[in-house]
Number of protein chains: 2
Amino acid sequence: MATRTGRSQRRTDALSRERIVEAAVELLDTSGESGLTFRALTERLATGPGAIYWHVANKTELLDAATDAVVAAALAVRPSESPGSPQDEVRAVALGLFEATEEHPWLAAQLATQLSRNPSGTVAPRIFESLGRQVRALGVPEGHWFTATSALMHYVLGAAGQNAANTGSARALGPGTGRAEFLDAVSTAWEGLDPGDYPFTRAVAGQVRDHDDREQFLAGIDLVLTGITALSPPREASPAEKPSRRGGAGRYPPPDE
Amino acid sequence: MATRTGRSQRRTDALSRERIVEAAVELLDTSGESGLTFRALTERLATGPGAIYWHVANKTELLDAATDAVVAAALAVRPSESPGSPQDEVRAVALGLFEATEEHPWLAAQLATQLSRNPSGTVAPRIFESLGRQVRALGVPEGHWFTATSALMHYVLGAAGQNAANTGSARALGPGTGRAEFLDAVSTAWEGLDPGDYPFTRAVAGQVRDHDDREQFLAGIDLVLTGITALSPPREASPAEKPSRRGGAGRYPPPDE
DNA sequence: ACCTGAACACCGTTCAAGT
DNA sequence: ACCTGAACACCGTTCAAGT
């Protein structure tokens, strides 16, 4: 029972912060956040804890580095290939993050904790920049850049979090058991809610069962994009119909600083 | 040094799950997630760990209960007073959650983790139901209920998470130090980013400094609401301008199950 | 039924000592 | 400069024993 488990052979190449972060991501992917311990890490890297602490200050920094690495990889997929419309670019960036949370179910919760720990870190600007460039390209007036980009980022983070939740739970149901079974379970659970307290949720339970996560996510993106486009001055479209929305007077002030 | 610390006098009333959850929330509020330990809990409640385990299965369940209690309280603020428009109701619900994450900075990250652990739990349906009823009231066609409500919920969760991040960090800067100092720090940090890598973020750094979180949050809500309203069949508004968006053919399929 | 509190396994972190 | 590994403080959880 004391034989080598996993790949704990003998280490040939030297230790490095990079290799440690890489191993941390692998551990997180395979056994979740509780699976990332210094014991498991030392075993996998065939060292002692002191060696790891030489390259990394503590576990928090290690988690942050793992999160940052995964986010950076997700945003770097397309160097500068596709020329598509700004809308398509937004969808591509968003989908990249969405798929990253699918591959790494621990990512979403970790993003939330990391942002609350260190919001001036590198991961928030990374996402913000990728989305913001497209907002600018959409022709949104500068006074609304921050609002529009924030809204996009918030939607993406929220939706990615929810998706990670579903992916993780679907896996927890057992290997091989697919998303279909999981969605079926949620749908059934929602159908079983109290009719007095949850009429709407019950009414919608059926749509849960056979929706496609990705389609759903992109539909939400389009919804936000529609709202963002409405921030732009009307080009040649219908100038009417706008004042029907409630008191838009002081809500979106023009940039005047 | 062995004198009673805090309120560890003698317990008069009996222990209960409710009292334990309440104490847990207080500990989380005052000292963050790492402050919630069974030792601190037993001291505050003047018992032993075994007593707590009689009422609560484990720490995970305790965290879930604390999260659920706080979310339920946030959504229950207005029993049925305000008659306002659906839009105003959405803003009220969203603001309730937003303020809850301000009061309880641990909430957002905890929500993410809990949803990923147990998405068929009670907290997701609670939020979903509150928002969904207003979506229905907005006249959104039934086939889009799930998409629209999900988008709202994702935005709210993402934005609340970001806000909790900011609130928490602002507090960490020191008691008394306000949001202004914190925003100034973030703004300065963004202005110091690499001009080649982060042109957009740098350009927007100024808007970070003097934005109002709540205004920003509500502006995002309105943006999503605009997108949602566009899902409704045009009442008497301009029927043109819609086919300009890309392949909307199969994107929002009508309900046909 | 409800509570006590010692005990256990495990975890993050440190540090004197090695090369 | 980089690594080893024993040791420490702390944490979640258990459980025989009490009332």
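Throughout, protein chains are lettered first and strands after them, A, B, ... in sequence-line order, and every chain is numbered starting at 1.
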How are the rings of B:Y53 and B:F38 set to each other: parallel, tilted or perpendicular (split at 30° and 60°)?
-> parallel
In whole angstrom, give the distance that lies between atom [atom1] of [X] and atom [atom2] of [N].
{"X": "B:N58", "N": "D:dT13", "atom1": "CG", "atom2": "C1'", "answer": "9 Å"}
{"X": "B:I20", "N": "C:dC2", "atom1": "CD1", "atom2": "P", "answer": "12 Å"}
{"X": "A:Y53", "N": "C:dT13", "atom1": "OH", "atom2": "P", "answer": "3 Å"}
{"X": "B:R17", "N": "C:dC2", "atom1": "CZ", "atom2": "P", "answer": "14 Å"}
{"X": "B:L63", "N": "D:dC11", "atom1": "CG", "atom2": "P", "answer": "15 Å"}
{"X": "B:L36", "N": "D:dC11", "atom1": "CG", "atom2": "C1'", "answer": "12 Å"}
{"X": "A:E43", "N": "C:dG12", "atom1": "CD", "atom2": "P", "answer": "14 Å"}
{"X": "A:K59", "N": "C:dC10", "atom1": "NZ", "atom2": "P", "answer": "15 Å"}

Could you tell me which residues satisfy ring-ring contact (aromatic ring centres under 6.0 Å, His included) with B:Y198, sequence neighbours excluded, listed by chain and number?
->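 So B:Y198 forms no ring-ring contact (aromatic ring centres under 6.0 Å, His included) with any residue.
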Sequence neighbours left out, what passes ring-ring contact (aromatic ring centres under 6.0 Å, His included) with A:H55? Give chain and number order.
->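 If we apply the ring-ring contact (aromatic ring centres under 6.0 Å, His included) test to A:H55, skipping adjacent residues, there are no hits.
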What's touching nucleotides 5-9 of chain D from the protein side, N or O pairs under 3.5 Å?
from	atom 1	to	atom 2	distance (Å)
D:dG5	O6	A:G50	N	3.1

Any chance you could encode DNA chain C as dot-bracket? Rule is Watson-Crick or G-U wobble with both distances under 3.5 Å; [ ] for pairs crossing earlier ones, | for another strand.
-> ||.|||||...|||||.||
Answer yes or no: does a side-chain N or O of A:H55 lie under 4.0 Å from OP1 or OP2 of D:dA1?
-> no
Within the structure, does a side-chain N or O atom of B:W54 lie under 4.0 Å from either OP1 or OP2 of C:dC3?
-> no
Under 4.0 Å between any heavy atoms, over every strand shown, what does B:L41 touch: base, sugar-phosphate, or nothing? Just pick one.
-> nothing
Contact class for A:L62 vs. all strands (heavy atom < 4.0 Å): base, sugar-phosphate, or nothing?
-> nothing
4.5 Å side-chain heavy-atom contact, B:V90 and B:V224 |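 In short, these two side chains do not touch, never coming nearer than 4.5 Å.
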Does any non-hydrogen side-chain atom of A:Q207 lie less than 4.5 Å from one of A:Q216?
-> no
The reported gap from CG in A:L107 to CD in A:E102 (rounded to nearest 0.5 angstrom) is 12.0 Å
Looking at the rings of A:Y155 and A:F217, which for Trp means the six-membered one, are their centres under 6.0 Å apart?
-> yes
Listed partners of B:R126 passing salt bridge (Lys or Arg N to Asp or Glu O under 4.0 Å), at least two apart = B:D68
Sorted by chain and number, sequence neighbours left out, side chain to side chain donor-acceptor pair (under 3.5 Å) with B:D213 holds for B:R179, B:H211
For the side chain of A:A14, counting heavy atoms from C-beta on, which of D:dT13, C:dC3, D:dC3 is nearest?
-> D:dC3
